[in-house]
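Here is the structure we will look at, set down as structure tokens.
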Amino acid sequence: MTFLMRVRGVGVLLVLMVVLVLLLAGCGGEPTATPTEPAEPTEVSAAPATATSAPTEPPKPTDTPTVPPPTATPTEEPTPVPVDDTACVGCHTDEETLKAVAEEPEETEALSEGEG
Amino acid sequence: MPQLEAWEKVYISDETFLESIHGQQGCIACHGGVSGAEEKEAAHEGVVREPDSVTLCAPCHTETVLANENSLHTNLTGYTRVIAARSTEDKMPQLEEMMENHCESCHTSCGQCHVSMPTNLGGGFTAGHEFKEIPPMNLTCTGCHGSRIDDEYKGKNDGVKADVHWIRGGMSCFECHTSDEMHGAVGEAEYRYDGAPMPGCQDEGCHDSVAPGDEISYHTEFHFEAMSCQVCHSTTYKNCYSCHVAQEDGVAYYKIEPSVMAFKIGRNPLQSEDRPWEYVPVRHVPIDQEAFAYYGEDLLPNFDAVPTWKYATPHNIQRNTPQTESCDACHGNAELFLSADDVLPEELEANKDVIVEEIPPAIGGGR
């Protein structure tokens with residue numbers, strides 16, 4: 001292999017590497033678009049008609065794409081406060097505790113008479 | 001009915017309830033109260049003993065809860081209708097106060113049948129907070145409908161046999177009185193006997209082969225048209241008189257005369273296409289002109305607008321009764337028919353359409 005052939009081989013290799021780098025760069029993440037305010041529709045004033053030109057429809061304002069309004073800081077779902085039923089269950093499943101804390105209703109004299 | 005002790009009423013005796021779909025909702029989600037509080041008083045602040053059925057039951061049991069608005073157990077329309085008929089509009093505020101004090105505790109909610117005993121029986125879990133799809137009839141149905149229905153059905157009245165559906169069939173209330181009927185799913189009703197009989201004796205799967213010509217000698221076309229089944233197949237039942245309600249120190253109470261056992265055939269006060277019979281058993285209900293006098297004077301100025309002997313379907317059905325012994329057990333037997341002599345003088349006008357003026361003549365025949 002001559003020196004010239006080696007130089008050509010290195011050159012081809014370099015070219016291939018550059019192409020590869022460019023391709024890889026192209027596959028990278030989306031470029032971050034800077035949000036821009038939607039352009040206001042351009043107000044077009046009707047040009048005064050000239051004798052020489054046929055009247056033309058004034059160009060309609062360009063429809064601007066609807067862009068969702070920029071959102072403020074994303075809101076997070078309110079975290080529900082955990083309800084702790086442990087004490088309820090602990091007491092109402094414990095016969096002895098219930099007996100200890102239960103209050104019998106005051107004895108009211110049965111006023112009703114006869115079959116209900 | 002024995003009252004539960006205070007602790008028993010709220011004791012979750014079977015912890016598997018906590019794993020059930022209702023138990024998993026959590027105590028506070030239904031009953032309120034304070035999460036995490038250790039002391040009894042603090043933990044029970046804002047506790048609702050009986051959670052609101054519409055809010056809590058309807059999201060899952062939507063159709064049932066919506067239909068239940070029609071249930072007479074829920075809306076008590078049967079009472080308000082008849083009280084209004086006996087009164088006038090200007091007296092209704094006092095009568096509404098009376099109903100609030102004396103009737104509202106009988107008004108049932110989902111929980112008062114499916115979870116606990118009704119409030120007017122003192123409340124308390126029927127089965128350790130378990131939600132019973134079919135309520136225990138002895139703690140719910142006959143807990144309230146005890147003096148008349150339970151005593152009749154189970155043969156607790158001296159000398160009167162239990163209903164054949166109970167003593168022979170062992171049938172619970174729900175075998176005749178369906179969930180749809182209890183929950184008002186059959187539509188609006190203004191009173192218990194509004195519409196077709198429910199249950200009907202000859203309903204499919206019941207006595208659907210009973211008809212004129214079925215070879216039972218008394219089952220003639222005339223008898224089927226003239227009288228309800230109970231005229232022949234029920235027997236002596238309880239009649240109540242003169243219930244007076246009042247309050248003392250904020251405690252509502254009633255006083256009622258001793259009941260009277262009798263069997264009386266009257267003219268049908270609810271004769272209609274659905275209930276075409278001329279004769280039905282009639283029962284005296286505990287109303288009295290002065291029943292609500294504690295709440296005001298002359299609160300029932302139209303007392304005579306409604307009979308005090310009412311259409312009845314006693315729950316002591318028998319195949320053979322004194323009436324079925326022979327033709328003349330009924331025909332010519334004045335004792336069986338409601339006469340003016342059976343009616344209190346001050347109630348004659350109210351019952352004029354129910355009293356049997358002319359009884360069927362004796363025919364001197366057997367079966």
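- A:G114 approaches B:Y254 most closely through the heavy-atom pair O-OH, 3.3 Å.
- Residue B:H44 touches chain A through its side chain alone, counting heavy-atom pairs closer than 4.5 Å.
- The closest donor-acceptor contact from the side chain of A:S112 to the backbone of B:Y253 lies at 3.5 Å or more, if one exists at all.
- Atom CZ of B:R192 has more than 12 heavy atoms from other residues, nucleotides or ligands within 6.0 Å.
- For CD of B:E104, the number of neighbouring non-hydrogen atoms (other residues, nucleotides, ligands) closer than 6.0 Å is greater than 12.
- Between the side chain of A:D85 and the backbone N or O of B:C27 there is at least one donor-acceptor pair closer than 3.5 Å.
- Heavy-atom distances place the side chain of B:E41, and not its backbone, under 4.5 Å from chain A.
- Other residues, nucleotides and ligands contribute over 12 non-hydrogen atoms within 6.0 Å of the NZ atom of B:K154.
- At a 4.5 Å heavy-atom cutoff, the contact between B:S259 and chain A is made by backbone and side-chain atoms alike.
- Proximity to chain A is limited to the side chain of B:K40, based on heavy atoms less than 4.5 angstrom apart.
- Residue A:E115 comes nearest to B:D151 through the heavy atom pair OE2-OD2, 4.3 Å, listed as atom of the first residue, atom of the second, then distance.
- Using a 4.5 Å heavy-atom threshold, the side chains of A:H92 and B:H129 count as separate.
- Contact of B:E15 with chain A is made through the side chain alone, with heavy-atom distances under 4.5 Å.
- No part of B:K9 comes within reach of chain A, as not one of its non-hydrogen atoms sits under 4.5 angstrom from that chain.
- Partner A:C88 forms a side-chain contact (heavy atoms from CB on, under 4.5 Å) with one of B:I28, B:V34, B:I12 and no other, that one being B:I28.
- Taking every heavy atom of both residues into account, B:A6 and A:E104 meet most closely at N-OE2, 3.1 Å.
- Within 6.0 Å of the CD atom in B:E100, the count of heavy atoms belonging to other residues, nucleotides or ligands does not exceed 12.
- Note that CG of A:L111 is 6.5 Å distant from NZ of B:K255, once rounded to the nearest 0.5 Å.
- Within the 4.5 angstrom heavy-atom criterion, only backbone atoms of B:A37 (N, CA, C, O) approach chain A.
- With a threshold of 4.5 angstrom between heavy atoms, A:T93 approaches chain B through its backbone and through its side chain.
- Crowding of B:E45 atom CD: a count of heavy atoms from other residues, nucleotides or ligands under 6.0 Å not exceeding 12.
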